[in-house]
Every structure is written in structure tokens, then in C-alpha cells.
Amino acid sequence: MKRRLNILIMMLALMVVGVSVKAAAVAEPSAKKDKREKVKAEQKKEKEEVSTHVQKLGWLDRRYLFGVATSYADSVTMVTMVAPVDSMAYDENTRTPLGLDLYTDSYRNFLDGHGFKGYLCSTFIFSSEKKAERKLAAVCRKVKKRKGVRLVSADGFEYRRIATEHIYTNVGEDMKTVDDR
């Protein structure tokens, strides 16, 4: 009888320990969940801060640009020559040039004006002419490897500096245009 009583007490003790372990196991995921939610809230706050940051403008002395335009309708890829552009504005927080989309739009408008409609255009920007020429050569080699695609030079197009008053910036009310250096 004593032996049965000891076994019963031990089983009861194990059940109590098991319940406390189970409660701790239930509490632990809850704590992990709270921690995950806290981390997500911090990340969301950081994203909001980045998206609403006030830009600090910097000026790049000289950059080298070239463009590539591809049409999947007629299997033609057009490339421009490397062109230097002086004095580009950039955002110091994100280290990205401002108005790069306007340079791409100018290339697209040039092609549209010469009867090449529906081309997908992109503009590449580099800090040195040597890097830009290397990348242009690599793009040309890659295009030539594809069967059925012609590589054509976009004669007559050259990138020119875009007036910075056309570039949207989030610099605050005290600074109306980017040109105010």
C-alpha cells in the first residue's frame, strides 16, 4: 500500500511539474510573439522615418551616363555613347542621384521622336568614364550573344544636364528649388 501511495504521489508531482512546464511553454511563445511584434513595430517605424526623411542634397561634380533601349517587338537593342554630365544633385541620405528618371525619359522621348516607339529604356550612371565604357562594352557583348537581336547605335542622342528645378525633392519649405546651392 505504501508503495502504491508513493507511486501515486510521484505521479501527482510529475503532473504538477508537467503543468508548470506546460505553462512555461505556453508563456514562452507568448513572450517570443511579443518580442517579434516589438521588432516589427520598430522596423515599421524605421521605414516610415526613411520614407518621410528630409533630403540632404549634395552635388556630384561629373558623372558619366549611357543608355540602353530594348524593343521586344522587333528584337532591336539601341545603345548610346558614354556622355559626361556636370553637376548632378544627389540625396546624401540614400546616396542616389536625383532626376535619373528624367534622363531616361529624355532618351525615350528622343526615340519616340525618331519613330522608335515602345522601347524599354534605362540609363546607367558611373563616377568614371573608364567604368562606364567597361559596362557599355559588357552590355554590348551580352546583347550580341543573343540570337536574333540586333545591336544599333542611337546616333544623334547625347545626355545633357537636366535643369534641377524640374527635379522633385523633399527638402522642406525653406528650399524651393535644387538650384539654390
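Small disclaimer: the values here were computed from a predicted structure and weren't measured. For the single chain, residues carry numbers from 1 onward in sequence order.
- Both V82 and V139 belong to a single network of hydrophobic side chains, linked directly or stepwise wherever heavy atoms of I, L, V, M, F, W or Y lie under 4.5 Å apart.
- Hydrophobic clustering, with ILVMFWY side chains joined whenever heavy atoms are under 4.5 angstrom apart, keeps V152 apart from V68.
- At a threshold of 4.5 Å between side-chain heavy atoms, the hydrophobic network of Ile, Leu, Val, Met, Phe, Trp and Tyr places L100 and L102 in one connected group.
- In terms of heavy atoms, Y64 sits closest to A132 at CB-CB, 4.0 Å.
- Between F124 and F126, the two ring planes are parallel [angle under 30°; tilted spans 30° to 60°].
- The minimum heavy-atom distance between C121 and T104, with the atom names listed, is O-CG2, 3.5 Å.
- Checked for salt-bridge contact, R62 and D86 meet the test: a charged N lies under 4.0 Å from a carboxylate O.
- For the residue pair S106 and N109, no side-chain donor N or O sits within less than 3.5 Å of a side-chain acceptor on the partner.
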Practice task
Show the numbers, then the answer: is there a side chain to side chain contact (heavy atoms under 4.5 Å, CB included) between F116 and V76?
Solution key: CA-CA 10 Å; F116 300 104; V76 173; over 6 Å; no
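- With a 4.5 Å cut-off on side-chain heavy atoms, K33 and R36 count as touching.
- Atom CZ of R63 sits about 14.0 Å away from atom CZ of R161, to the nearest 0.5 Å.
- Between T123 and the options Y159, Y107, Y103, a side chain to side chain donor-acceptor pair (under 3.5 Å) holds for only Y159.
- In the hydrophobic clustering of ILVMFWY residues, with side-chain heavy atoms under 4.5 Å counting as a link, L65 and F110 come out together.
- Residues Y119 and M78 have side chains in contact (heavy-atom distance under 4.5 Å, counting atoms from C-beta outward).
- L151 meets the side-chain contact (heavy atoms from CB on, under 4.5 Å) test with T77, V79, C140, V143, K144; sequence neighbours excluded.
- Taking hydrophobic clusters as Ile, Leu, Val, Met, Phe, Trp and Tyr residues chained together by side-chain heavy-atom distances below 4.5 Å, V85 shares a cluster with I125.
- To the nearest 0.5 Å, atoms CD (E133) and NZ (K130) are separated by 10.0 Å.
- At a threshold of 4.5 Å between non-hydrogen side-chain atoms, the residues L111 and R108 do not count as touching.
- Residues G67 and T80 share a closest heavy-atom pair of N-OG1, 2.7 Å.
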